[in-house]
Amino acid sequence: MLSLSDLQGAFRAAILAEDPAVLAPEIVADEIAPERRIAIYRNNTFASLTEALKATFPVVCRLVDERFFAYAAHEFIAAHPPRHGRLHAYGAAFPRFLDGFAAARSLPYLADVARFEWAMAEAFHEADALPLDPSALATIDLGTVERLRFVPHPTVRLLASPWPIDRIWEANQPDAADTTIALDAGGASLVVQRPRLEVVYRSPAKGSFALLRWLAAGRSLGDAAERALAEDPSLDLRTALLDHLVAGTFSGFATT
């Protein structure tokens with residue numbers, strides 16, 4: 001009889017590597033042969049995980065069609081099986097997998113669309129938190145403003161892509177009108193978040209996005225502003241910060 005660890009290894013090989021040689025002798029023979037039992041379990045496992053991926057990445061599926069998606073999902077599942085039982089948390093590595101997936105090389109934007117969809121899924125399932133009330137800053141000593149450090153809302157995700165992934169995503173919604181996306185029309189810098197009940201996203205201007213990126217990295221307001229202005233001298237710091245506050249992008253702040 002196999003040890004527990006060896007049995008688990010044999011089960012993994014039988015399901016993911018389609019190699020039932022070690023596991024089959026451990027299964028009691030009945031009207032259904034052991035190899036057939038394993039095949040049924042394998043098919044159900046891949047089918048359920050493929051459906052979980054389709055639910056998280058519906059636009060990716062639409063862009064490549066269901067048969068290609070099923071093929072990509074099969075290869076991904078075999079290489080990256082779940083590490084826990086929460087199916088809604090499965091798929092974090094899928095965008096990176098698509099980066100190196102040779103069969104998808106003709107769609108260079110596909111992995112970034114997947115990153116966008118994963119960011120929305122993460123934001124949806126992230127813990128609740130109240131957005132920072134902008135009025136809380138009213139009592140801040142003006143002499144300490146530059147030292148403020150803002151805490152990003154836990155649902156905030158930042159994405160930058162050379163491809164118009166937001167327009168690609170919008171054009172592939174079920175109720176979207178037929179439209180043509182110019183892939184050379186410019187990329188996207190996106191803020192995905194769930195400040196309250198629904199996941200939303202927006203596309204701040206270059207300097208505003210840079211400011212948020214530096215603030216999210218833990219920089220003080222003064223340092224973040226200096227770095228963002230270096231990237232975009234036209235940045236209106238006051239307006240950009242106010243926009244982020246009103247959008248609920250932060251959940252707190254501290255002075256150092």
Side-chain angles (χ1 to χ4, degrees), residues 46 49-80 82 87-126 152 155-194 198-214 216-217 228 231-232 244 247 249:
F46 275 84
L49 291 176
T50 297
E51 287 302 312
L53 290 172
K54 283 172 62 177
T56 301
F57 303 100
V59 170
V60 171
C61 183
R62 181 181 175 95
L63 287 168
V64 298
D65 83 42
E66 293 206 8
R67 288 190 302 171
F68 185 94
F69 188 89
Y71 164 55
H74 185 279
E75 298 302 299
F76 172 73
I77 294 164
H80 303 274
L87 286 184
H88 72 263
Y90 182 56
F94 192 53
R96 182 176 294 183
F97 167 82
L98 291 175
D99 270 328
F101 193 44
R105 195 168 294 157
S106 63
L107 301 174
Y109 51 84
L110 191 66
D112 280 357
V113 173
R115 289 185 176 91
F116 185 26
E117 294 199 284
W118 180 251
M120 289 191 284
E122 278 195 315
F124 180 80
H125 292 289
E126 187 58 81
T155 66
V156 165
R157 302 291 186 273
L158 306 181
L159 299 93
S161 172
W163 308 102
I165 55 176
D166 53 338
R167 283 163 280 171
I168 293 172
W169 184 87
E170 291 164 2
N172 284 277
Q173 295 308 296
D175 57 350
D178 289 341
T179 186
T180 299
I181 305 297
L183 296 178
D184 59 354
S189 297
L190 304 174
V191 182
V192 177
Q193 62 188 106
R194 180 177 53 80
E198 295 184 359
V199 175
V200 297
Y201 65 91
R202 52 196 175 88
S203 181
K206 178 181 178 180
S208 180
F209 184 81
L211 175 68
L212 179 56
R213 190 180 73 247
W214 289 115
E231 296 184 38
D232 181 8
H244 291 312
T249 312

Roughly how far, to the nearest 0.5 Å, is CG of D112 from CD1 of I165?
5.5 Å

Looking at OH of Y90 and CZ of F76, how far apart are the two atoms once the value is rounded to the nearest 0.5 Å?
4.5 Å

Are the side chains of N172 and V113 in touch, meaning some heavy atoms are under 4.5 Å apart?
no

Here the pair of heavy atoms bringing L183 nearest to W163 is O-CE3, 3.8 Å

Taking the six-membered ring for Trp, are Y71 and F68 parallel (under 30°), tilted (30 to 60°) or perpendicular (over 60°)?
perpendicular

Report yes if some heavy atom in the side chain of Y109 is under 4.5 Å from a heavy atom in the side chain of S161; otherwise report no.
no

Note: T50 and A70 closest approach over all heavy atoms is CG2-CA, 4.4 Å

Distance in Å, T56 OG1 paired with H125 NE2, rounded so as to fall on 0.5 Å steps
6.5 Å

Donor-acceptor contact below 3.5 Å, side chain E75 vs main chain F101:
no

Indicate yes or no: at least one non-hydrogen side-chain atom of L87 is less than 4.5 angstrom from one of L49.
yes

Closest heavy-atom pair, L159 versus F209, reported as atoms and distance to 0.1 Å, is O-CZ, 3.6 Å

Once rounded to the nearest 0.5 Å, what's the spacing between atom CD of E122 and atom CD of E117?
13.0 Å

Using modelled atom types only, decide if a donor and an acceptor are shared between the side chain of R194 and the backbone of E126 within a distance under 3.5 Å.
yes

Can you measure from CD (E66) to NZ (K54) and round to the nearest 0.5 angstrom?
3.5 Å

Establish, yes or no, whether a centroid distance under 6.0 Å links the rings of F57 and F69.
no

Using a 4.5 Å cut-off on heavy atoms from C-beta on, say whether the side chain of P204 contacts that of L212.
no

Scan side-chain atoms only and decide if R202 and H244 contain a donor-acceptor pair under the 3.5 Å cut-off.
yes

From NE2 (H88) to CZ (F124), nearest 0.5 Å:
9.5 Å

Quick check: closest heavy atoms across L53 and A73, and the distance to 0.1 Å?
CD1-CB, 3.9 Å

Check step by step if side-chain contact (heavy atoms from CB on, under 4.5 Å) holds for V192 and T155.
CA-CA 8 Å; V192 177; T155 66; over 6 Å; no

What verdict does the salt bridge (charged side-chain N to carboxylate O under 4.0 Å, His left out) test give for D99 and R96, after you've listed the backbone C-alpha separation in whole Å, the side-chain angles of each residue and the deciding distance to 0.1 Å?
CA-CA 5 Å; D99 270 328; R96 182 176 294 183; over 6 Å; no

Heavy-atom closest pair (W118 atom, P95 atom, distance to 0.1 Å) is CB-CG, 4.5 Å

Test item: S203 side-chain N/O and S189 main-chain N/O as donor-acceptor pair under 3.5 Å
yes

Can you give me the closest heavy-atom contact between H80 and A93, atom names plus distance?
ND1-CB, 4.1 Å

Angle between ring planes, H74 versus F46, binned at 30° and 60°: parallel, tilted or perpendicular?
parallel

